[in-house]
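To start, the structure under review is shown below, and the notes come after it.
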Number of protein chains: 2
Amino acid sequence: MTPTPEWSATPKGEATASRILDVALDQFSRLGFERVTLGGIAQAAAVSQPTLHYHFQDKAHLWRSAMLALAAVIAEEERLMDAARDMPAIVQLRMAMRLFLQISWKHPALGRIVALEGMAGGERLEWLDRHLIGPRNRRLAQIVREAIAAGDLKPFPPEQLVITLQAAAAGVINLAPLLRAGFGVDPEAPAARAAHDDMILEAVLGGFLTEKSRATREQTT
Amino acid sequence: MTPTPEWSATPKGEATASRILDVALDQFSRLGFERVTLGGIAQAAAVSQPTLHYHFQDKAHLWRSAMLALAAVIAEEERLMDAARDMPAIVQLRMAMRLFLQISWKHPALGRIVALEGMAGGERLEWLDRHLIGPRNRRLAQIVREAIAAGDLKPFPPEQLVITLQAAAAGVINLAPLLRAGFGVDPEAPAARAAHDDMILEAVLGGFLTEKSRATREQTT
DNA sequence: AGATTTCCTGATTTCATAGTCAGGAACCGG
DNA sequence: CCGGTTCCTGACTATGAAATCAGGAAATCT
């Protein structure tokens with residue numbers, strides 16, 4: 001009766017479904033929901049368009065299924081952060097930024113999706129907030145609050161601070177096409193990646209540190 | 001024969017055309033080209049849908065016309081930057097950031113458009129690079145290069161540095177819906193705006209300054 | 001091998017939206 | 001008051017993309 005759950009749990013056509021999800025995630029994150037056509041995804045995944053409807057009921061389900069692939073990434077991040085729960089807030093924040101950069105390079109779709117839907121608002125943003133980025137952001141804001149209280153971070157509004165850190169860290173990654181078009185630079189080249197990570201941790205995060213914290217920075221590898 | 005140029009130059013229906021452009025710019029910048037429907041714009045502008053075709057041939061023309069409204073903003077910015085051409089690069093950069101923040105608050109569409117099309121790539125990004133943001137970005141990169149050479153900025157890749165500064169500065173502004181959904185915070189409230197501007201200039205830009213430059217910062221109002 | 005389920009497709013329908021067109025109203029200049 | 005232009009609209013067409021469905025191939029089981 002019910003041919004397919006949200007994530008196709010059947011062991012057989014799993015390869016096809018996963019291939020579709022990969023393509024879908026990439027396209028949705030670059031172009032946004034409406035710009036993407038099922039025909040386009042089908043073609044890139046080398047299947048027919050109705051196959052998408054077989055594995056995922058409709059476009060909205062496909063979108064959510066693709067997002068759930070990212071949920072696993074977030075969950076893993078959370079696990080690592082949890083392990084560091086007892087360290088000073090500023091150390092946790094630095095670690096969070098390192099993880100954020102790592103994830104952003106490995107799964108650039110996440111940052112793009114957040115940017116896309118975070119600007120547009122609407123129900124997809126609500127969904128993302130509930131299932132993907134909301135808890136993580138609020139946890140980060142809490143860490144920032146503690147780091148400020150400890151005198152390690154300059155006292156700016158924690159929510160804005162968190163979003164600004166993320167926007168700065170993901171900017172160059174998300175806007176890779178712009179860098180290519182405008183500067184002829186490829187930010188995904190290994191050297192550029194390393195320079196970027198340095199820049200974010202050293203200059204951007206560094207800029208938020210208090211003098212006090214700056215002095216004792218060596219603790220935080 | 002030719003009823004309408006790119007920007008309707010006729011003095012009569014100018015009010016209507018300008019109303020349409022306002023709505024179009026807002027919607028295009030929030031949702032991106034494909035998500036926007038002419039019917040939606042027409043409704044918001046209180047005209048019929050064919051009216052859009054009367055003033056602007058088709059959707060692509062309307063998009064470009066809407067973007068040209070931003071070109072005036074960029075031109076004015078450029079004029080102000082030109083006036084400061086002989087000041088030290090680091091002072092120019094600080095001024096550029098102030099201007100960027102001002103413009104971003106006043107015309108949030110600009111940052112959103114850049115983010116949207118900068119992630120997607122394609123011909124619209126090419127157009128934007130040529131007509132709107134390319135020259136500005138390259139000029140900024142040049143200023144950064146000079147500021148690094150003068151020992152005022154930490155030596156990170158100028159292109160990435162410029163984009164990161166802008167991404168950080170525009171992040172909270174572009175992602176206002178995300179802040180509302182995730183934190184219940186309104187970044188457009190006057191207090192939040194002031195805090196944000198401080199944060200960008202003090203922490204983010206500050207983080208890129210060398211120790212040397214940091215010491216003599218008072219010159220730069 | 002035969003039966004059954006899983007997986008996928010071609011053909012078709014439905015629907016939203018971009019774009020067209022003929023005509024009408026409002027606003028002129030004489 | 002009247003011809004002409006500018007501005008706008010309702011009704012229509014065309015197109016592209018989402019969704020449906022019957023059917024067939026391929027795998028799996030007995």
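First the proteins, then the strands, lettered A, B, ... as listed; each starts at 1. Quick note: numbers below take in every heavy atom, side chains included, and nothing from hydrogens, waters or symmetry partners.
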State which of D:dA19, C:dC21, D:dC8 makes the closest approach to the side chain of B:P50. C:dC21

Donor-acceptor contact below 3.5 Å, side chain B:R138 vs main chain A:G182: yes

Using atom CD of A:E34 as one end and atom P of D:dA18 as the other, report the distance to the nearest whole Å. 10 Å

Residue set satisfying side-chain contact (heavy atoms from CB on, under 4.5 Å) with B:Q43, at least two apart, ordered chain then number -> none

Looking only at the side chain of B:K59 (C-beta and beyond, no hydrogens), which of the listed nucleotides D:dC8, D:dA19, C:dG19 gets closest? C:dG19

Atom CG of B:L38 and atom C1' of C:dG19 are separated, to the nearest Å, by 9 Å

Among residues 40-49 of chain B, which ones have heavy-atom contacts with DNA chain D below 4.0 Å? B:V47, B:S48

The side chain of A:Y54 is closest to which nucleotide in this list: D:dA11, C:dC7, D:dC8? C:dC7

Each nucleotide N or O in nucleotides 14-16 of chain C that has a protein N or O under 3.5 Å away: list the pair and distance.
none

B:F33/B:K59 under side-chain contact (heavy atoms from CB on, under 4.5 Å): CA gap, chis, key distance, verdict: CA-CA 9 Å; B:F33 188 79; B:K59 200 179 179 182; 3.7 Å; yes

Under 3.5 Å side-chain donor-acceptor pair for A:Q142 and A:R139: no

Under the ring pair (Phe, Tyr, Trp, His ring centres under 6.0 Å) definition, can you give me all pairs with a residue in residues 173-206 of chain A, not counting sequence neighbours? A:W105-A:H196

Quick one: list whatever passes side-chain contact (heavy atoms from CB on, under 4.5 Å) with A:T37, sequence neighbours left out. none

Can a donor-acceptor pair be found, under 3.5 Å and without considering hydrogens, that links the side chain of A:R193 to the backbone of A:E188? no

Scan for side-chain hydrogen bond (donor to acceptor under 3.5 Å, both in side chains) pairs involving residues 163-185 of chain A, sequence neighbours excluded, and state none if there are none. A:N137-A:Q166, A:R180-A:D186

